[in-house]
Amino acid sequence: QVQLVESGGGLVQAGGSLRLSCAASGPTFSSYAMGWFRQAPGKEREFVAAISWSGGNIRYVDSVKGRFTISKDNAKNTMFLQMNSLKPEDTAVYFCAAGYATSRWYISQTPGWYDHWGQGTQVTVSS
């Protein structure tokens, strides 16, 4: 059973940066594709970024391209989301997710594909 714990959220001014971490426990973390999602009040959960278990395939939602960077360290069972040039519209609860992938290249933008979720970490960007 994979367990995920996010950290690194907080309050930051527009233009600032935050680095989110997602620590995973359980077997074969390296065989899991990982993703970041976010949910603002009154809105549906939104895909932010995803990375294949090999790290060789990465995808972002258009609104964060060039500002956010997803990465993972299989040796430390940890995934990261570096967020730069933050905007007020990035304010949301950010969730990490993991799903078992048979292909080293597979990623998903669909929340329903993921088997495991963290509890979320709040990111608030003030204008």
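Atom CD of Gln13 sits about 5.0 Å away from atom OG of Ser126, to the nearest 0.5 Å. Of the inter-residue distances, the one linking Ser21 atom OG with Gln82 atom CD reads 9.5 Å to the nearest 0.5 angstrom. Within the model, atoms CG of Asp90 and OG of Ser63 stand 7.0 Å from one another, a figure rounded to the nearest 0.5 Å. Leu81 CG to Thr69 OG1: the interatomic distance, rounded to the nearest 0.5 Å, is 8.0 Å. Taken from CG in Asn74 to CE in Met34, the straight-line distance is 9.0 Å, to the nearest 0.5 Å. Taking CD1 from Ile107 and CZ from Arg59, the interatomic distance works out to 4.0 Å, rounded to the nearest 0.5 Å.
Tyr114 places no side-chain N or O within 3.5 Å of a backbone atom of Ala33 that could act as its donor or acceptor partner. A distance-only check finds no donor-acceptor pair linking the side chain of Gln39 to the backbone of Glu44 [under 3.5 Å]. Distance alone, capped at 3.5 Å, places no donor-acceptor pair between the Thr110 side chain and the Gly112 backbone. Panel note: side chain Arg104, backbone Ser54; no donor-acceptor pair is recorded below 3.5 Å. Formation of a donor-acceptor pair under 3.5 Å by the Lys87 side chain with backbone atoms of Ala14 is not found in this model. A side-chain donor-acceptor contact under 3.5 Å links Trp53 to the backbone of Ser103.
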Pair Thr124-Gln122, side-chain hydrogen bond (donor to acceptor under 3.5 Å, both in side chains): steps then yes or no: CA-CA 6 Å; Thr124 303; Gln122 177 70 47; 3.3 Å; yes
Full working for side-chain contact (heavy atoms from CB on, under 4.5 Å) between Val48 and Phe68: CA-CA 9 Å; Val48 177; Phe68 291 11; 3.8 Å; yes
Worked check of side-chain contact (heavy atoms from CB on, under 4.5 Å) between Phe47 and Ser108: CA-CA 9 Å; Phe47 168 76; Ser108 176; over 6 Å; no
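A pairwise comparison of heavy atoms in Ser17 and Ser85 identifies OG-N, 4.3 Å as the closest pair. Scanning all heavy atoms of the two residues, the minimum distance from Met79 to Cys96 falls at CE-CB, 3.6 Å. Across every non-hydrogen atom of Val2 and Ala24, the tightest pair is CG1-CB, 4.5 Å. The two residues Asp115 and Tyr100 come nearest to each other via the heavy atoms OD2-N, 3.5 Å.
By the criterion of side-chain heavy atoms lying less than 4.5 angstrom apart, applied directly or through intervening Ile, Leu, Val, Met, Phe, Trp or Tyr residues, Ile70 is not grouped with Trp105; the two fall into different hydrophobic clusters. No continuous path of hydrophobic side-chain contacts links Phe80 to Tyr60 [ILVMFWY only; heavy atoms under 4.5 Å]. Hydrophobic clustering (ILVMFWY, side-chain heavy atoms < 4.5 Å, transitive): Tyr32 and Ile58 are in one cluster.
Taking the six-membered ring where the residue is Trp, Phe37 and Trp117 present tilted rings, their angle falling between 30° and 60°.
Annotation: cation-pi pair Arg38/Phe95 absent, no NZ/CZ under 6.0 Å from the ring centroid and within 45° of its normal.
Residue pairs meeting the disulfide (SG to SG under 2.5 Å) criterion with at least one partner in residues 37-89, sequence neighbours excluded, are absent.
Side-chain atoms of Thr121 and Leu20, non-hydrogen and from C-beta on, do get closer than 4.5 Å to each other.
In this structure, the ring of Tyr106 has its center less than 6.0 angstrom from the ring center of Trp113.
Taking 4.0 Å as the cut-off between side-chain N and carboxylate O, Asp62 and Lys65 count as a salt-bridged pair.
Checking Thr78 against Asp73 by side-chain atom types alone, no donor-acceptor pair falls below 3.5 Å.
Checking each of Val64, Val12, Leu18 against Met83 for a side chain to side chain contact (heavy atoms under 4.5 Å, CB included) leaves exactly one that passes, namely Leu18.
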